[in-house]
There are 2 protein chains.
Amino acid sequence: MSIEQKSAGTVALYQRIRTDLETRILSGEWPPGYRVPFEHELMQSYSCSRMTVNKVLSALAAAGLVVRRRRAGSFVSRPRAQSAVLQIPDLKAEVEKRGERYGYQLLKLTKRIATANDRARLAVGARESVLALRCRHDADGEPFAIEDRLINPQAVPVALQQDFSVIPPNTWLVGQVPWTEAEHRIIACNAAGADAAELKLDEGTACLVIERKTWRNGEPITAVRLTHPGHLYNLIARFTPTG
Amino acid sequence: MSIEQKSAGTVALYQRIRTDLETRILSGEWPPGYRVPFEHELMQSYSCSRMTVNKVLSALAAAGLVVRRRRAGSFVSRPRAQSAVLQIPDLKAEVEKRGERYGYQLLKLTKRIATANDRARLAVGARESVLALRCRHDADGEPFAIEDRLINPQAVPVALQQDFSVIPPNTWLVGQVPWTEAEHRIIACNAAGADAAELKLDEGTACLVIERKTWRNGEPITAVRLTHPGHLYNLIARFTPTG
DNA sequence: GCGATCCATTTGTCTATACATATTGGAGGC
DNA sequence: GCCTCCAATATGTATAGACAAATGGATCGC
């Protein structure tokens, strides 16, 4: 091939390739476990040297988007485990990791046109519908969390067919629905009303509340409010100043 | 130079170089703003090709440790701002950012040989001393946080000369003492005893408690427990799955 | 003294090549 | 069927050379 390094506009070739691959991964076109084309194949399809695609794949590996294995190839990785605060935990897995018996009960499920309150939480359009769920997670028979969730069926139409009386929405979403951005808000408040009753707590017991919103390429996916008994749950994060 | 790629043990050359440079930066030997040697110089001192040192410097730039400028060189950057949960906030700055009047009062300061409890919190040696402080932060005259802190004077000897009746330890440490690792634990609990009284809260009011430990190259610096009234403080984190 | 211009320097990107290393899949022996 | 060993293959690391782009500083003209 000829020496024409910055042909397309002003953007570097390896940047263009990286964006390409990232798009395919984040869009779900290449799901977790998918084998990314070999360096050899990429260098043919982009008409460039191996060093260039190697730089891209190494960078994606450093960013945790792919895992590279000698002789086997590069594979789209599952979302990395992060420090716990910045994780979206699967409550079922968390409970079982602690060696306790996991229990789950769907308390309520409705599909409705978004109310003003719903729209404040989920930012969907005025006439659009939302899926609202409320359920309880138990550890060894003791209530462990109340999950109050809104799902945007426009973003996740499959959710309407899902049977959430068996699979917790938390577990299902973590495993099935890719997301690109999330926000946590962590609050301490006193248990009251239905929350207190369903968690079998005295009124006023301190609870740790995690409100989380997730988006996929700017489109809201779900908003959840997880209320945990303060004495049963706390969050841990380890980090360094360099990020 | 000869072709002998993996001479020193089994560790890659570019990894060795990267560790070298990172150590110098994190140890403070190369402070923020310091000009890292040019690629040309590094390739001479490590007897390697430019591509190799370029790979190292590009990786450090991607990690945010250095900033690179054409013709000028590479410079050690200031620590990046992080998402709020993974930040060590300066409470004074936080309060003033919200447009409220900041107040501060030192409640207690003692220097003592570490008790068993102290050592559980700070992991200092058996006969070593610790600096223990307790203070209150106010926003617009209302109690905003109780700060319960241990400082390791072995790691931060300057702390012994500091006048903490004027400068909050939080503010002083954030500005003065570099750290390499930190851990947060976030808890919800009911206010009780001295905490409730000093925060002017009714017994049982939900509080958000942040326990933080910081280290510098493995040496413990400080351990702090910040107790905030739940209705006055919550934590926010925005993040993406790719890290 | 001041501003425009040019140049040397430094990083940015890319190529072609080379050898190292790990690992998978299969061939062959038992 | 199962184990061992081997070779093909994909990634990992490193090199030397090349040109591009940006810019700090010097030089030159006024």
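Not measured: the values here are computed from a predicted model. Just so it is clear: chains get the letters A, B, ... in the order the sequence lines come, proteins before strands, and each one is counted from 1. Below, each value reflects all heavy atoms present in this structure, side chains not excepted, and no hydrogens, waters or symmetry copies.
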task: Check salt bridge (charged side-chain N to carboxylate O under 4.0 Å, His left out) between R185(B) and all other residues, then give those that pass, not counting sequence neighbours.
output: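 Checked R185(B) against salt bridge (charged side-chain N to carboxylate O under 4.0 Å, His left out); zero matches.
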
Results of salt bridge (charged side-chain N to carboxylate O under 4.0 Å, His left out) for R69(B) - residues two or more places apart only: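 Here no residue qualifies.
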
message: Over all strands shown, is S58(B) touching base, sugar-phosphate only, or nothing at heavy-atom distances under 4.0 angstrom?
response: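 The answer is nothing, as S58(B) stays clear of every strand by at least 4.0 Å.
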
Using whole Å, what does the distance between atom [atom2] of nucleotide [N] and atom [atom1] of [X] come to?
{"X": "F38(B)", "N": "dT23(D)", "atom1": "CZ", "atom2": "P", "result": "15 Å"}
{"X": "Y46(B)", "N": "dT13(D)", "atom1": "OH", "atom2": "P", "result": "17 Å"}
{"X": "R35(B)", "N": "dT10(C)", "atom1": "CZ", "atom2": "P", "result": "8 Å"}
{"X": "M43(A)", "N": "dT11(D)", "atom1": "CE", "atom2": "P", "result": "11 Å"}
{"X": "Q44(B)", "N": "dT10(C)", "atom1": "CD", "atom2": "P", "result": "12 Å"}
{"X": "N54(B)", "N": "dT10(C)", "atom1": "CG", "atom2": "C1'", "result": "11 Å"}
{"X": "Y14(A)", "N": "dT15(C)", "atom1": "OH", "atom2": "P", "result": "13 Å"}
{"X": "L42(A)", "N": "dT11(D)", "atom1": "CG", "atom2": "C1'", "result": "13 Å"}

task: Would you mind telling me which of dA14(D), dG12(C), dC14(C) lies closest to the side-chain atoms of R50(B)?
output: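 For R50(B), the side-chain atoms sit closest to dG12(C).
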
task: Please work out which of the three classes, parallel, tilted or perpendicular, describes the rings of H228(A) and F144(A), given edges at 30° and 60°.
output: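 Perpendicular: the ring planes of F144(A) and H228(A) meet at over 60°.
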
pair [X]-[Y]: side-chain heavy atoms closer than 4.5 Å:
{"X": "F164(A)", "Y": "L131(A)", "value": "yes"}
{"X": "V224(A)", "Y": "E147(A)", "value": "yes"}
{"X": "N152(B)", "Y": "V156(B)", "value": "no"}

- prompt: Nearest nucleotide by nearest heavy atom, which residue falls closer to the 5' end of DNA chain D, M51(A) or L57(A)?
  reply: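 Going by which nucleotide is closer to the 5' end, it is L57(A).
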
message: With a 3.5 Å distance limit and no angle check, can you tell me whether T52(B) reaches the backbone of Y14(B) through a side-chain donor-acceptor pair?
response: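 Judged by distance alone, no pair lies under 3.5 Å.
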
- prompt: Does the side chain of T52(A) get closer than 4.0 angstrom to OP1 or OP2 of dT15(C) through an N or O atom?
  reply: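 For dT15(C), OP1 or OP2 has a side-chain N or O of T52(A) closer than 4.0 Å.
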
- request: Please tell me which of P37(B) and Q15(A) maps to the more 5' nucleotide of DNA chain C, matching each residue to the nucleotide holding its nearest heavy atom.
  value: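 This one resolves to P37(B).
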
Identify all pairs in which a protein N or O lies below 3.5 Å from an N or O of nucleotides 24-28 of chain D, and state each distance.
| residue | atom | partner | partner atom | Å |
| --- | --- | --- | --- | --- |
| dG24(D) | N2 | R71(B) | NH1 | 3.0 |
| dG24(D) | N3 | R71(B) | NH1 | 2.8 |

